[in-house]
Amino acid sequence: MRIELDKLEKTGDRFAHVYEPEEIVLDEEHARLTKQPEVTGRVSRSGHEVSLRGKISASAEVDCDRCLKTVAVAVEAACDVPYVPVEDY
């Protein structure tokens, strides 16, 4: 997903993207995505600072080391990330 900052309205803009499970590589070999990961949120600008707020959601299956069964896990994470130019940092 790419956000074009030079085309960003002063009021900000919403974004959303759905990935195919194969597009995301997991570091854990005993976990698999079972639902398309989805990223949604809002990007806004205040002066030189750009703020990105949103959430990431997906579903996964994880092999349990204790019971040796597959466990379904809902994945939900919020993000709130400010970006500033290096000159303003």
Side-chain angles (χ1 to χ4, degrees):
M1 179 177 65
R2 183 177 172 149
I3 298 172
E4 304 275 340
L5 295 179
D6 58 339
K7 297 178 183 172
L8 182 63
E9 299 287 331
K10 283 194 173 204
T11 58
D13 205 2
R14 294 202 170 277
F15 62 88
H17 186 78
V18 178
Y19 292 90
E20 291 299 321
E22 305 82 43
E23 290 181 85
I24 307 294
V25 178
L26 301 178
D27 290 337
E28 177 58 50
E29 65 182 88
H30 300 287
R32 296 158 299 286
L33 291 172
T34 58
K35 176 185 163 198
Q36 295 175 315
E38 183 176 344
V39 179
T40 59
R42 181 170 185 78
V43 61
S44 58
R45 180 186 307 223
S46 176
H48 293 280
E49 182 175 316
V50 173
S51 177
L52 187 136
R53 291 186 178 105
K55 85 173 183 179
I56 303 164
S57 60
S59 294
E61 287 182 344
V62 179
D63 298 332
C64 179
D65 290 336
R66 189 176 65 175
C67 70
L68 303 177
K69 294 183 180 178
T70 300
V71 178
V73 178
V75 179
E76 295 275 335
C79 61
D80 186 354
V81 184
Y83 293 96
V84 294
V86 70
E87 303 86 31
D88 295 341
Y89 184 69

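Values below: every heavy atom of this structure, side chains too, minus hydrogens, waters and symmetry copies. Quick caveat, the model's predicted, so the values are computed rather than measured.
- Rounded to the nearest 0.5 angstrom, Phe15 CZ and Arg42 CZ are separated by 10.5 Å.
- Here the side chains of His48 and Val84 are not in contact, with every heavy-atom distance at 4.5 Å or above.
- Taken together through direct or relayed side-chain contacts under 4.5 Å among Ile, Leu, Val, Met, Phe, Trp and Tyr, Tyr83 and Val39 form part of one hydrophobic cluster.
- Nearest heavy-atom pair, Ala16 versus Thr40, reported as atom, atom and distance to 0.1 Å: CB-CG2, 4.0 Å.
- In this structure, SG on Cys79 lies 10.0 Å from CZ on Arg53, to the nearest 0.5 angstrom.
- At a threshold of 4.5 Å between non-hydrogen side-chain atoms, the residues Lys35 and Val75 do not count as touching.
- More than 12 heavy atoms of other residues, nucleotides or ligands sit less than 6.0 Å from atom CG of Asp80.
- The backbone N or O of Ser46 sits nowhere less than 3.5 Å from a side-chain atom of Glu49 that would complete a donor-acceptor pair.
- Here the straight-line distance linking atom CG of Asp63 with atom CD of Glu28 works out to 8.5 Å at 0.5 Å rounding.
- Thr34 contributes a side-chain N or O that, together with a main-chain N or O of Ser59, makes up a donor-acceptor pair within less than 3.5 Å.
- The CD atom of Glu76 sits 9.5 Å away from the CD atom of Glu38 when rounded to the nearest 0.5 Å.
- Shown here for Ala58 and Pro37, the closest heavy-atom pair between the two residues is CB-CA, 3.8 Å.
- Grouping the Ile, Leu, Val, Met, Phe, Trp and Tyr side chains by contacts below 4.5 angstrom, directly or via other members, places Val81 with Val43.
- The CD atom of Gln36 sits 11.0 Å away from the OG atom of Ser57 when rounded to the nearest 0.5 Å.
- The hydrophobic cluster containing Leu26 also contains Ile56, counting ILVMFWY residues as joined when their side-chain heavy atoms lie under 4.5 angstrom apart, directly or transitively.
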